[in-house]
*Asks:* 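Sharing a structure here in structure tokens format.
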Amino acid sequence: MEKTKIAKRFEGKVAIVTASTQGIGFSIAERLGLEGASVVVSSRRQKNVDEAVESLRARGIEVLGVVCHVSNALQRKNLIDKTLQKYGKIDVIVSNAAANPSTDDILHTKESVLDKLWEINVKASVLLLQDAAPHLKKGSSVVFISSISAFQPPASMAMYGVTKTALLGLTKALADEMAPDTRVNCVAPGFVPTHFAAFITENDAARKTIEDKTPLNRLGTTEDMAAATAFLASDDASYITGETLVVAGGMPSRL
Ligand code: NAP
């Protein structure tokens, strides 16, 4: 994305994006940074954090990198503490981390997998916000990253889809609980060719089926998701809270 072509809606703002060293999270961090935010990127591996920091800095973005596995309480707290130590405040939190460890149908999903899905895809988002909430000021904004599969969980990732459905409810509940100072919204991406979705998007037949079912006739890009997230996090969306924006090329979701 060219620096010269985009607005600067996040000048003076501080944004934390979880799971942001590649894929959708990285593009969100990049977009917020190019629009003027100081961004805090994180993921499980130090090497990935270092590479993401280097790449964003090379684009002129003010960035801090912190290792944070979202289901590790100490690392979540450290993410908030390091952000406050360096930048003194938090304006935007994008909760983007997720796991999809199994393709089993729901009735054959092991209890340990059910626990992992709940823990990473839902519970960690709640716990991160519990740590962050005391530091969120008037005008702050939270964005959850759900999925098109929240609306009609597909067979090969049904329980994952259900955890993404839970994020739609979490968005509504927290929008109410955190109002009026903090807005809470959600982005539901369609299929985006990242490492996470490679098992589908790198399969030619599966990819073609998705493209054929998508009115805009293509997969999404990480930049598509970043643009929608930046809109919801920005003051352009200052009268929007509790909403989910589906960014899926017209794939069926809901009325
Ligand atoms: P991705 O390209 O595979 O990137 C995943 C990122 O998350 C990496 O930076 C990874 O770095 C980090 N990560 C993984 N597990 C983590 C954890 N437990 N704690 C912290 N960081 C973690 O994935 P993506 O496709 O961008 O997916 C991002 C989000 O979009 C997810 O919520 C996913 O459900 C959602 N989504 C994706 C698609 C799609 O088609 N791609 C569609 C709908 C929704 P490390 O390995 O260093 O931890």
Side-chain angles (χ1 to χ4, degrees), residues 16-31 39-53 55-56 65-76 78-79 93-102 115-125 127-128 143-154 156-168 170-171 186-203 206-207 210-211 213-214 218-226 228-229 244-249 251 253:
I16 293 176
V17 185
T18 67
S20 46
T21 58
Q22 64 177 27
I24 292 169
F26 179 83
S27 280
I28 292 169
E30 181 180 48
R31 174 71 190 238
V39 290
V40 184
V41 293
S42 61
S43 76
R44 295 167 298 181
R45 294 185 185 86
Q46 184 72 57
K47 179 172 174 290
N48 294 345
V49 171
D50 292 345
E51 284 171 8
V53 165
S55 154
L56 292 171
V66 181
V67 168
C68 179
H69 188 316
V70 293
S71 63
N72 180 315
L74 284 176
Q75 292 185 1
R76 279 194 310 267
N78 186 49
L79 177 64
I93 298 190
V94 180
S95 185
N96 170 63
N100 183 19
S102 158
D115 287 346
K116 184 171 181 184
L117 281 163
W118 162 251
E119 185 166 321
I120 292 179
N121 297 4
V122 186
K123 190 173 95 173
S125 295
L127 292 173
L128 181 70
V143 181
F144 293 114
I145 304 302
S146 175
S147 168
I148 187 74
S149 56
F151 297 95
Q152 182 65 55
S156 61
M157 40 181 174
M159 199 58 218
Y160 160 84
V162 173
T163 62
K164 292 298 191 177
T165 314
L167 293 182
L168 310 186
L170 192 61
T171 300
C186 182
V187 168
F191 289 88
V192 183
T194 62
H195 177 69
F196 189 82
F199 73 108
I200 300 170
T201 58
E202 285 179 7
N203 173 317
R207 184 185 173 114
I210 293 165
E211 285 168 352
K213 274 201 293 193
T214 305
R218 65 168 174 86
L219 301 183
T221 64
T222 60
E223 289 81 6
D224 291 328
M225 307 310 142
T229 306
T244 294
L245 185 50
V246 178
V247 188
M251 284 182 85
S253 53

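In listed order, ligands and their atoms are each counted from 1.
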*Asks:* Which atoms form the tightest heavy-atom contact between Ile145 and Asn96, and what is the distance?
*Replies:* CG1-OD1, 3.5 Å

*Asks:* Tell me which protein heavy atom sits closest to atom 40 (O) of ligand 1, plus the residue, atom name and distance to 0.1 Å.
*Replies:* Val192 N, 2.8 Å

*Asks:* Tell me, which protein residue and heavy-atom name are nearest atom 9 (O) of ligand 1, and how many Å apart are they?
*Replies:* Thr21 OG1, 2.7 Å

*Asks:* Could you report the tightest heavy-atom contact between Ser20 and Ala29, atom names first, then the distance?
*Replies:* CB-CB, 4.5 Å

*Asks:* Ligand 1 and Arg45, any nitrogen or oxygen pair closer than 3.5 angstrom?
*Replies:* yes

*Asks:* Out of curiosity, is Ala198 lining ligand 1, as in a heavy atom under 4.0 Å away?
*Replies:* no

*Asks:* By number and element, which atoms of ligand 1 are closer than 4.0 Å to a non-hydrogen atom of Tyr160?
*Replies:* 33 (C), 34 (O), 36 (N), 44 (C)

*Asks:* Quick one, Phe151 and Thr244 - any side-chain contact, counting heavy atoms below 4.5 Å?
*Replies:* yes

*Asks:* Verify, without hydrogens or angle tests, whether Arg76 (side chain) and Val70 (backbone) share a donor-acceptor contact under 3.5 angstrom.
*Replies:* yes

*Asks:* For atom 25 (O) of ligand 1, which protein heavy atom lies nearest, and how many Å away is it?
*Replies:* Thr194 OG1, 2.5 Å

*Asks:* Does Ser147 reach ligand 1 with a nitrogen or oxygen that is under 3.5 Å from one of the ligand's nitrogen or oxygen atoms?
*Replies:* no

*Asks:* Report, in ascending order of atom number, the atoms of ligand 1 lying under 4.0 Å from any heavy atom of Gly23.
*Replies:* 2 (O), 26 (O)

*Asks:* Based purely on interatomic distance, does Ile148 place a nitrogen or oxygen under 3.5 Å from a nitrogen or oxygen of ligand 1?
*Replies:* no

*Asks:* For Met157 and Ile200: C-alpha separation, side-chain torsions, deciding distance, then whether side-chain contact (heavy atoms from CB on, under 4.5 Å) applies.
*Replies:* CA-CA 11 Å; Met157 40 181 174; Ile200 300 170; 3.6 Å; yes

*Asks:* Can you establish whether the number of heavy atoms outside Gln46 located under 6.0 Å from its atom CD is more than 12?
*Replies:* yes

*Asks:* Looking only at atom types and distance, does a side-chain atom of Thr163 sit under 3.5 Å from a main-chain N or O of Tyr160, one as donor and one as acceptor?
*Replies:* yes

*Asks:* If every non-hydrogen atom of Ala166 is compared with every non-hydrogen atom of Val122, which pair is closest and at what distance?
*Replies:* CB-CG2, 4.0 Å

*Asks:* State, yes or no, whether a side-chain contact exists between Thr229 and Arg31 at a heavy-atom distance under 4.5 Å.
*Replies:* no

*Asks:* Identify the two heavy atoms, one from Gly190 and one from Met225, that lie closest to each other, and give their separation to 0.1 Å.
*Replies:* N-CE, 4.3 Å

*Asks:* Does Thr18 come within less than 4.0 Å of ligand 1, judged by its heavy atoms?
*Replies:* no

*Asks:* Within ligand 1, which atoms have a heavy atom of Ile24 less than 4.0 Å away?
*Replies:* 26 (O), 30 (O), 37 (C)

*Asks:* Around atom 8 (C) of ligand 1, find the nearest protein heavy atom and jot down its residue, atom name and distance.
*Replies:* Gln22 CG, 3.4 Å

*Asks:* Identify, by atom number and element, the atoms of ligand 1 in contact range of Asn48, meaning under 4.0 Å from any of its heavy atoms.
*Replies:* 45 (P), 46 (O), 47 (O)

*Asks:* Could you tell me which non-hydrogen atom of Ser42 sits nearest to which non-hydrogen atom of Leu79, and how far apart they are?
*Replies:* CB-CD1, 4.0 Å

*Asks:* Please check whether Pro189 reaches ligand 1 - meaning an N/O of the residue sits under 3.5 Å from an N/O of the ligand, judged on distance alone.
*Replies:* no

*Asks:* Starting from atom 3 (O) of ligand 1, find the nearest protein heavy-atom neighbour and note its residue, name and distance.
*Replies:* Phe196 N, 3.0 Å

*Asks:* Against heavy atoms of Asn96, which atoms of ligand 1 measure under 4.0 Å?
*Replies:* 28 (C), 29 (C), 30 (O), 31 (C), 32 (O)

*Asks:* Look up atom CE in Met251 and atom OG1 in Thr214, then write down how far apart they are to the nearest 0.5 Å.
*Replies:* 4.5 Å

*Asks:* Mind listing the closest non-hydrogen atom pair of Leu167 and Asn121 along with its distance?
*Replies:* CD2-O, 3.5 Å

*Asks:* Examine the proximity of ligand 1 to Ser71 and report which part, side chain or backbone, both or neither, has a heavy atom under 4.0 Å away.
*Replies:* neither

*Asks:* What residue and heavy atom of the protein are closest to atom 6 (C) of ligand 1, and at what distance?
*Replies:* Ala19 O, 3.6 Å

*Asks:* Just to confirm my output: which protein heavy-atom neighbour is closest to atom 42 (C) of ligand 1, and how far is it?
*Replies:* Gly190 O, 3.0 Å

*Asks:* Tell me which protein heavy atom sits closest to atom 20 (C) of ligand 1, plus the residue, atom name and distance to 0.1 Å.
*Replies:* Cys68 O, 3.1 Å

*Asks:* Is any side-chain heavy atom of Cys68 closer than 4.5 Å to a side-chain heavy atom of Asn78?
*Replies:* no

*Asks:* Classify the contact between Lys164 and ligand 1 as side chain, backbone, both or neither, using a heavy-atom distance cut-off of under 4.0 Å.
*Replies:* side chain

*Asks:* Below 4.0 angstrom from a heavy atom of Phe191, which ligand 1 atoms are there? Numbered from 1 as shown, please.
*Replies:* 40 (O)

*Asks:* Output yes when the distance from some N or O of ligand 1 to some N or O of Ala197 is under 3.5 Å, and no in every other case.
*Replies:* no

*Asks:* Among the heavy atoms of Phe26, does any lie under 4.0 Å from an atom of ligand 1?
*Replies:* no

*Asks:* Is there a donor-acceptor pair under 3.5 Å between the side chain of Asp50 and the backbone N or O of Lys47?
*Replies:* no

*Asks:* Is any N or O atom of Ile120, backbone or side chain, closer than 3.5 Å to an N or O atom of ligand 1?
*Replies:* no

